[in-house]
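Just so you know, these numbers use all the heavy atoms, side chains as well, and skip hydrogens, waters and symmetry mates. Chain A is the first sequence line, chain B the second, and so forth, proteins listed ahead of strands; every chain is numbered from 1.
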Amino acid sequence: MINEFAIPQGSKLYFGANAKRKRFIENRCVEIFYASGFEEIATPYFSYHQTLKQQKDVIAFSDIANHRVSLRADSSQDVVRLITKRLGRSTEHQKWFYVQPVFRYPTTEIHQIGAEWTSHDNICEAASLCAKLLGEFTQESAVQLGNITVPQLIAKETGIDLAHFTDHNIEALTAADIPWLNALINVTDADELVPIMDQVSDALRSALTKLYESAKAITAERVIVTPLYHTELEYYDELFFRCLVGNRSVAMGGAYAGEEGRAMGFAIYTDELISE
Amino acid sequence: MLTIALPKGRIADQTLDLFKQIFGSAFAFENRKLILEEAGFRFLYVKNQDVPTYVERGAADLGVSGLDVLSERDYPVSYLLDLGIGKCDIIVGMKKGQQLDPNKPQIKVATKLENIARNFFASKAMDADIVKLNGSIELAPLIGLSDCIVDIMETGTTMRENGLEPVATIMSSSAHLFANQNSFVTRKKEILDLKNRLKEVIGGA
């Protein structure tokens with residue numbers, strides 16, 4: 001039996017102080033986005049084009065013609081597709097923001113404030129903007145910066161299973177007993193990458209250099225470099241960042257291959273800021 | 001201050017003993033208190049199966065759990081160090097003289113380790129009807145509730161005394177130190193320093 005006051009698990013209810021805080025956060029972000037040259041886009045709740053690596057998380061059903069349609073599970077995909085395929089003819093604007101939820105199976109709502117920056121390849125600006133937005137609501141956020149190609153290259157060059165990086169299995173990485181890899185495990189600051197660069201292959205040095213230079217160019221209270229961090233990313237394919245408050249992840253962003261060259265985006269998890 | 005979740009019982013005592021060897025102070029929970037603060041660490045005294053949840057959800061930065069507990073669900077945590085304590089095997093046990101019969105259409109398995117059991121029998125292409133129990137697992141085959149059990153075995157005494165014997169070892173387990181993945185980013189230096197000091201006292205350095 002479902003009680004009259006029940007809401008589905010994972011769905012969100014805001015009222016009173018929480019609703020006020022949510023509105024304040026969203027409004028302040030909107031002000032900063034406009035001041036930074038962004039335009040707003042709001043995409044449909046329903047989509048024909050939603051794909052996730054975990055496809056079972058997409059809430060899908062059929063439209064009247066029996067085409068697969070789903071609730072928006074990821075904002076970036078439709079934002080970028082609609083900007084490049086539909087609005088592309090009428091606008092050359094490249095900086096877009098959105099304030100909208102995504103939905104995951106069975107009944108999870110995730111409210112996000114996000115940005116997509118098409119035809120742009122400087123992740124430092126996106127990470128700095130994200131840090132600036134978070135700085136409006138918390139004093140303790142840190143930007144974690146990684147390069148997904150670093151663990152991929154190490155796995156390829158050493159034969160270490162990439163799953164050990166994805167599983168954060170430090171035990172297994174340490175057991176490989178490779179001095180420069182052990183040094184990379186300990187890295188948190190960009191400067192700590194420098195003495196390691198001479199010990200690695202040209203390809204790995206190039207990927208680490210990108211990480212080093214980007215970390216140096218981000219404007220944030222604290223930038224933590226995590227060269228070995230690997231996770232199942234939906235489309236970020238090189239530099240990516242997460243923003244952390246304590247041990248909570250409050251935002252994520254990165255660079256990816258867009259419809260027209262490189263692009264980047266990020267999303268702030270609104271609910272994580274409401275509880276601040 | 002790093003917060004560390006420990007499983008109630010012997011593993012907590014042995015882990016605290018390692019801390020005593022490193023830091024010198026007396027690390028012990030008083031009476032029925034569930035929180036201990038000592039030498040700049042906060043320890044939480046929680047049920048064995050709950051330790052990874054405390055760490056995954058960020059209530060603790062670090063945890064100590066057996067691989068059996070960690071393997072039961074794919075917890076997104078950072079694995080740091082095998083502490084070499086709480087050693088045991090996860091075994092399939094049957095009544096003395098019986099063997100697993102792969103030709104049986106289905107086997108009834110009593111266990112509290114549902115996923116480990118399900119994955120093991122799936123890897124053998126055997127259909128398993130899992131009967132979830134929370135204790136006294138050895139009783140199940142004796143009264144016909146199951147054909148076999150999947151359980152933790154340290155010495156094997158309880159099994160032997162109940163007329164059971166191991167017919168397969170699924171995995172060997174010991175207690176591991178692991179971290180919340182975000183804590184391992186924001187507090188990596190402290191966490192790796194502690195891990196290295198623990199490694200030294202357990203003789204792995």
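With a 6.0 Å radius and a threshold of 12 heavy atoms from other residues, nucleotides or ligands, B:Lys108 has its NZ atom at or below the threshold. Other residues, nucleotides and ligands place more than 12 heavy atoms under 6.0 Å from the NZ atom of B:Lys132. The number of heavy atoms from other shown groups lying within 6.0 Å of OH (B:Tyr54) does not exceed 12. Heavy-atom neighbours of B:Glu30 CD from other residues, nucleotides or ligands within 6.0 Å: at or below the threshold of 12. Atom NZ of B:Lys189 has more than 12 neighbouring heavy atoms from other residues, nucleotides or ligands inside a 6.0 Å radius. Heavy atoms of other residues, nucleotides or ligands lying less than 6.0 angstrom from OH of A:Tyr269 number more than 12. When the shell of 6.0 Å around CD of A:Glu136 is examined, it contains more than 12 heavy atoms from other residues, nucleotides or ligands. Heavy-atom neighbours of B:Arg73 CZ from other residues, nucleotides or ligands within 6.0 Å: above the threshold of 12.
The parts of B:Leu80 that come within reach of chain A are both its backbone and its side chain, each placing non-hydrogen atoms under 4.5 angstrom from that chain. Using a 4.5 Å cut-off between heavy atoms, A:Leu173 does not touch chain B at all. Proximity to chain A is absent for every atom of B:Asp74, based on heavy atoms less than 4.5 angstrom apart. The contact between A:Arg222 and chain B is made entirely by side chain atoms (from C-beta outward), counting heavy-atom distances below 4.5 Å.
Put simply, NZ on B:Lys199 and OG1 on A:Thr174 are 6.0 Å apart, with the number rounded to the nearest 0.5 Å. One distance of note links CD1 of A:Ile185 with NZ of B:Lys195; it measures 6.5 Å at 0.5 Å rounding. Rounded to the nearest 0.5 angstrom, A:Arg248 CZ and B:Arg57 CZ are separated by 13.0 Å.
The backbone N or O of A:Asn247 sits less than 3.5 Å from a side-chain atom of B:Asn182, completing a donor-acceptor pair.
Of all the listed residues (A:Thr226, A:Thr188, A:Val187, A:Val225), the one sharing the greatest number of non-hydrogen pairs under 4.5 Å with chain B is A:Thr188.
Using a 4.5 Å heavy-atom threshold, the side chains of B:Asp82 and A:Glu171 count as touching. Side-chain contact between B:Val185 and A:His168 is absent, with no heavy-atom pair separated by less than 4.5 Å. Within the 4.5 Å cutoff, the side chain of A:Ile170 has heavy atoms near those of the B:Phe184 side chain.
A salt bridge does not link A:Glu192 with B:Lys188: every distance from a Lys NZ or Arg NE/NH1/NH2 to an Asp or Glu carboxylate oxygen is 4.0 Å or more.
For A:Lys22, the salt bridge (charged side-chain N to carboxylate O under 4.0 Å, His left out) criterion is met by A:Glu26, not counting sequence neighbours.
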